[in-house]
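Below you'll find the structure, written out as structure tokens, and then a few comments.
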2 protein chains.
Amino acid sequence: MDKKENTTPDQDSTEQKIFDAAHEIFTQKGMDGAKMQEIADKAGINKALLHYYYRSKEKLYEAVVKAVMAKALPTVRQVIESELPLEEKITRFIDFYIGLISKNTFIPLFIISEINKHPDHFFENVMPRQLPQPEIFFRQVQEEVAAGKIRPIDPRHLIINIISLCIFPFLGKPLMRMLLGLSPEEMKKLLDQRKQEVTSFVLAGLKPVQQPESPIP
Amino acid sequence: MDKKENTTPDQDSTEQKIFDAAHEIFTQKGMDGAKMQEIADKAGINKALLHYYYRSKEKLYEAVVKAVMAKALPTVRQVIESELPLEEKITRFIDFYIGLISKNTFIPLFIISEINKHPDHFFENVMPRQLPQPEIFFRQVQEEVAAGKIRPIDPRHLIINIISLCIFPFLGKPLMRMLLGLSPEEMKKLLDQRKQEVTSFVLAGLKPVQQPESPIP
DNA sequence: CGCAGAATTAACCAAATGGTTAAACCTAAT
DNA sequence: ATTAGGTTTAACCATTTGGTTAATTCTGCG
């Protein structure tokens, strides 16, 4: 019998339609730019229903933010906290993370924007309790540095570098296009190469220093 | 005679006070988040004066955006288009750019956000006519690659990498803090090290490949 | 059927917000 | 001092917007 008793959040129930619409609008326009009427329209329902299911704009917004964060962070955790060898961990992280971003173009800017506007609120109410634990990664880096397998680097900077190289090109896509004078197609091609490029750039940047005698003659 | 005929924008004239207030509010809250009343309050004047000098919110906003872009881009140009040797050019660019960003924390997010919301409008109305010409830089990179002085790399990716490493850590500061579990002081310290860190990371990432035999035993 | 409770809607409300207006206020030149 | 023109303001206006209400429709069930 196909009643509606299952625990899954009722695929395409009204509530779900509202949430989906809100997700789209909020992530693209932010809290201030989003209008309740627009969300209702996109969901194909009456505006009053928004308040019937989610009491206020803030509540609805918060639901979206929480969902976004709850989806984005564990993926990072999973890779960061694993016990893979460092190089493979880095490779996988880049592959995975860039893949994620290219399928959710608006999310990074959304997170960054909103976290900047209400940092305190974010830290207190929105953050998933289970933050990634970078300690394993830190230790790995320190070990490999000590073993001379990679050049000395502060693991925190390394994480920052990797994440910057993954996220920013998508964030700044229009800016980069303009700066480099690229057509949309050229830009797309370039972004498609980022997995490869970031991986080799980071690994190259980690090679242990050999005294730079004379380059290949 | 000190009429008001000079070309300089009348230091702390009413118009200037309005512009300054608008600059602060708009860059921090974006077009949607900014309220005319708040700008008027910050400027210490009546709201009607905003419309007396700048006819509408959009006009005022546009004035701010144009000013921001007109200030941000030439600095990039200057370094990019110079004929300095590649390594020094990169070093200087990083030093200069990170310096600029740390003194104008809100600007990058502002530019990125607004360019993403109205890309067409940006490209048509707001962009300074004089875009940086990356050709010189491209050529330099290609030459050094050909000479075996740096490992093979697409110059466009190199620019993207450098800019990502410079800008993103400041954009994503709260996010990074959270991810790494750092106090505000620790985070500040880390950001203060970015000039050094980015420079060595990029230069390391450009070292020509020596076949990785056995690491130092 | 008929009824209870949930779902949905049209109409409405109050506050916020961008923008206007007409009057008041300078200030410099007559 | 008077006046003309730019500057500034308080009061006002129209629209937008988040939110509410009361009535209507829908749905399952005895």
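Quantities reported herein were computed from a predicted structural model and do not represent experimental measurements.
For A/K47, whose side chain is taken as the heavy atoms from C-beta onward, the closest listed nucleotide among D/dA10, C/dG18, D/dG19 is D/dG19. Here the nucleotide nearest the side chain of A/L49, chosen from C/dG19, C/dT21, C/dT8, is C/dT8.
Spacing between atom OH of B/Y52 and atom P of C/dA22 amounts to 16 Å, rounded to whole angstrom units. Rounded to whole Å, the distance from CE on B/M36 to P on D/dA14 is 19 Å. Atom CG of B/L50 is separated from atom P of C/dG18 by 10 Å (rounded to the nearest Å). Rounded to an integer number of Å, the gap from A/Q37 CD to C/dT9 P is 12 Å. Here the P atom of nucleotide C/dT17 and the NZ atom of B/K29 are 10 Å apart, to the nearest Å. For the pair B/E58 CD and C/dT17 P, the interatomic distance rounds to 17 Å; values are reported in whole Å. Atom pair A/Y61:OH and D/dG18:P shows a separation of 14 Å (rounding to whole Å applied). Atom CG in B/D32 sits about 12 Å away from atom P in C/dT17, given to the nearest Å.
Not one side-chain nitrogen or oxygen of B/T14 sits closer than 4.0 Å to the OP1 or OP2 atom of D/dT7. Contact check, B/Y53 against D/dT8: a side-chain N or O comes under 4.0 Å of OP1 or OP2. Look at B/H51 and you'll find a side-chain N or O under 4.0 angstrom from OP1 or OP2 of C/dG19.
In this structure a side-chain-to-backbone donor-acceptor pair under 3.5 Å is missing from B/N161 to A/L165. Judged by distance alone, the side chain of A/K89 and the main-chain N or O of A/S82 form a donor-acceptor pair under 3.5 Å.
Between B/F19 and B/H23, the ring planes lie tilted relative to each other; the angle falls in the 30° to 60° range.
Residue contacts for A/Y54: at a heavy-atom cut-off of 4.0 Å it reaches no nucleic acid atom on any strand shown. Among the heavy atoms of the strands lying under 4.0 Å from B/A34 are primed sugar atoms or P, OP1, OP2 only; no base atom is included.
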Next item on the list: Start with the C-alpha gap between A/E185 and A/S183, add the side-chain angles, then the distance that decides, and say whether side-chain hydrogen bond (donor to acceptor under 3.5 Å, both in side chains) holds.
Entry: CA-CA 5 Å; A/E185 299 76 41; A/S183 71; 3.2 Å; yes

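Separation of the A/F106 and A/F110 ring centroids does not fall under the 6.0 Å cut-off.
With hydrogens and angles ignored, no donor-acceptor pair under 3.5 angstrom links the side chain of B/K35 to the base of C/dG18.
Heavy-atom nearest nucleotides on DNA chain D were determined for B/I45 and for A/K57, and the one closer to the 5' end corresponds to B/I45.
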